[in-house]
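Written out below as structure tokens is the structure these notes cover.
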Amino acid sequence: MSPTGPAASDFPALSPQGQVTFLGAGPGDPGLLTLRAVEALASADVLVAEPDVLDVVRGHARAGVSTPELTVVDVSSTVVGVPVLRDAANLVMEAAKGGRRVVRAVAGDPGLDGNAGAEMLACAAAGVPFEVVPGVANAVGVPAYAGVPLRDAQGADVRFVDARTASDRCWSEVGASDATAVVSTTLDSVAAAAGELVSAGRKPDTPLTVTIGGTTTRQRTWTATLGTIAQTLKQAKVLPSPEGHRPVIAVVGERSSAAQRDQLAWFESKPLFGWKVLVPRTKEQAASLSDQLRSYGAVPHEVPTIAVEPPRTPQQMERAVKGLVTGRYEWIAFTSVNAVKAVREKFEEYGLDARAFAGIKVAAVGEQTAAALVDFGVKPDLVPSGEQSAAGLLEDWPPYDPVFDPIDRVFLPRADIATETLVAGLIELGWEVDDVTAYRTVRASPPPADTREAIKGGGFDAVLFTSSSTVRNLVGIAGKPHNVTVIACIGPATAKTAEEHGLRVDVLSPEPSVHKLAEALSAFGAQRRDAAKEAGDPVTRPSERRPGARRRRTTT
């Protein structure tokens, strides 16, 4: 039967031209990117953006995406020694005409970016197809993160002013009204903008907030009035500053009052806001812990202290995997994410997949290991109901029963330096154990020099130690953390090792869980913040304190 649909000749030929996506990257928090923005970034061939914006969006771009600089010297066009500079519009047009998918990312929203508008017109004139992906505008997103709502139930007007281009008429209109004014300016021009509004009729005692680094963990907000903002920034030693050119969002109006902002400043009041936290683990293990720390407002810095390598003699592992397929085992017990990874890699080497676990009971030592198994396509039969450790796994492990268990053997893939707790406990329950070295842990290479200096010089606010080996390895490859750095340990054994290395332990996790450790550090940060506020002191990070200050160990 012949097809009844249209023939291929009925469709117009595809254009060899590419297309351009003008994309709003928002005010700085990568989490504010829209789903459509993430989709566009994932398919881009070329990504054109200013350096700050590039840092926000790069993580969602595919590997190998081209990221040309906005200002490039075109050597071939040099005339009498004067280089010709290509701007963003030329870069975008050149790539699109070459048939490539281009994402032109701008801060905030493309509709509020004058340069983006001009580039859209250039695309339209050249017949280059384009689309626009809106983003969260800086003038809207930054006040939301600063705890300053722009409207209330009375529905007051909101006026947006760009101080760099505002005319005398604009200042006069905003100054003569009682609308909430959202002013985009720079740190060293805030006082001048406040003066313009006062000259135009606003009262000097009108509340004002000024936010720099909005929606990022570098965010800082000052509350003052139009008449006192210059003095407030001077007393806070913010100005004069070489960073005076940095952009800020100022909100003028009653909704900027200090009393209201104290209740609504949800972002800057996070327990670990702005803390630089060192996470010394393998990179794979650090990911979920870093995400949790970010939710508390921290800036995690992952420093691998342990590298994972294959066993020196792979034959034992190969025999065990073959035994797994041929029915040698009743159980397989995974005590780490790395053990799951090692078995998975061996499976892939043999062309096997999760179906090879059919008929075998699977145990995982904790939630993270269980999640790695689920990602592999295997749902664990046993995860500790209590403590997530070898001891917790043994608490729930059934004893061997020759009536119900046709096979009495357990496959235990683990690290070369693992403890004997689980092996001894399984044997006591009547099981035979094939204790197999699935991977080796070795000390990682030293981190970069600036990271080592920050560790030793007090540049980090806290460090999380998740095992005794992370203590020994971090000190070995990078040096001992400074005494102002908060030391958080996952359990008594790790704390003892830290103290043996001359470290004062400030936070001890109530359970041997990395997530409970992060929670304990968060509680420590919250207590520290509350104590400072109660004493009438400014809230500072540990790295901002004088060396030698002592803190009491906290168990949460």
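Numbers for residues simply follow the sequence, beginning at 1.
The backbone N or O of N483 sits less than 3.5 Å from a side-chain atom of R504, completing a donor-acceptor pair. Proximity of a side-chain donor or acceptor of S513 to a complementary backbone N or O of H515 within less than 3.5 Å is detected. Listed for the S189 side chain is no donor-acceptor partner under 3.5 Å among the backbone atoms of A192. At distances below 3.5 Å, at least one donor-acceptor pair connects side-chain atoms of K270 with backbone N or O atoms of S295. In this structure, R100 contributes its side chain and V46 its backbone to no donor-acceptor pair below 3.5 Å. No donor-acceptor pair closer than 3.5 Å links the side chain of D461 to the backbone N or O of V277. With Q219 contributing its side chain and T215 its backbone, the two residues share a donor-acceptor pair below 3.5 Å. A donor-acceptor pair is defined here as one N or O able to donate and one able to accept, closer than 3.5 Å; such a pair exists between the side chain of H482 and the backbone of V484. Side-chain atoms of Q231 do not come within 3.5 Å of backbone N or O of T228 as any donor-acceptor pair. The backbone N or O of L373 sits nowhere less than 3.5 Å from a side-chain atom of R344 that would complete a donor-acceptor pair.
In terms of heavy atoms, A146 sits closest to T211 at CB-OG1, 3.5 Å. The two residues I487 and P481 make their nearest non-hydrogen contact at CD1-CB, 4.1 Å. Nearest heavy atom pair, residue V56 against residue G28, reads CG2-O, 3.6 Å. In plain terms, the two heavy atoms of P68 and V48 that are nearest each other are CG-CG2, 4.2 Å. Nearest heavy-atom pair, S509 versus I490, reported as atom, atom and distance to 0.1 Å: CB-O, 3.5 Å. A pairwise comparison of heavy atoms in L47 and R58 identifies CD2-CA, 4.4 Å as the closest pair.
Screening K341, R443, R440 for a salt bridge (Lys or Arg N to Asp or Glu O under 4.0 Å) involving E309 leaves a single residue, R440.
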Can E499 and K496 be said to form a salt bridge (Lys or Arg N to Asp or Glu O under 4.0 Å), step by step?
CA-CA 5 Å; E499 290 168 347; K496 181 180 178 182; over 6 Å; no
Show your reasoning for whether side-chain contact (heavy atoms from CB on, under 4.5 Å) applies to V248 and T185.
CA-CA 6 Å; V248 299; T185 183; 3.6 Å; yes
Let's go through S468 and V471 carefully: what are the C-alpha distance in whole Å and the side-chain angles of both, what is the deciding distance for side-chain contact (heavy atoms from CB on, under 4.5 Å) to 0.1 Å, and is it a yes or a no?
CA-CA 5 Å; S468 292; V471 178; 5.6 Å; no
Could you go step by step and tell me if N115 and V106 meet the side-chain contact (heavy atoms from CB on, under 4.5 Å) rule?
CA-CA 9 Å; N115 292 330; V106 299; over 6 Å; no
Decide yes or no on side-chain contact (heavy atoms from CB on, under 4.5 Å) for L278 and L474, but give the supporting numbers first.
CA-CA 10 Å; L278 191 67; L474 181 71; 3.7 Å; yes
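Crowding of D530 atom CG: a count of heavy atoms from other residues, nucleotides or ligands under 6.0 Å exceeding 12. More than 12 heavy atoms of other residues, nucleotides or ligands shown are found within 6.0 angstrom of CZ on R62. Crowding of R218 atom CZ: a count of heavy atoms from other residues, nucleotides or ligands under 6.0 Å not exceeding 12.
Taken to the nearest 0.5 Å, the CZ atom of R294 stands 10.5 Å off from the CG atom of D29. The CZ atom of R159 sits 11.5 Å away from atom OG1 of T180, with the distance rounded to the nearest 0.5 Å. The line from CG of L91 to OG of S66 is 9.0 Å long, rounded to the nearest 0.5 Å. Atoms OG1 and CZ, on T21 and R36 in that order, are 6.0 Å from each other to the nearest 0.5 Å. Taking OG1 of T232 as the reference point, atom CG of L239 lies at 11.0 Å (rounded to 0.5 Å). The structure places CG of L33 at 12.0 Å from CD of E39, a figure rounded to the nearest 0.5 Å.
The cationic atom of K276 (NZ for Lys, CZ for Arg) lies less than 6.0 Å from the six-membered ring centre of F460 and within 45° of the ring axis.
E519 places none of its side-chain heavy atoms less than 4.5 Å from the side chain of P510. Residues C489 and V507 have side chains not in contact (no heavy-atom distance under 4.5 Å, counting atoms from C-beta outward). Taking the side chain as every heavy atom from C-beta outward, L112 and F160 never approach each other to under 4.5 Å. Looking at heavy atoms from C-beta onward, F465 lies in side-chain contact with L503 at the 4.5 angstrom threshold. Using a 4.5 Å cut-off on side-chain heavy atoms (C-beta onward), L464 and L521 make contact. Annotation: side chain of V486 is in contact with side chain of W275 (closest heavy-atom distance under 4.5 Å). Annotation: side chain of P280 is in contact with side chain of V463 (closest heavy-atom distance under 4.5 Å). The shortest side-chain heavy-atom distance between P542 and R528 falls under the 4.5 Å cut-off.
Salt-bridge check for R104 with E50: passed, with a basic side-chain N closer than 4.0 Å to an acidic carboxylate O.
Looking at D188 and T186, their side chains do bring a donor and an acceptor atom within 3.5 Å of each other.
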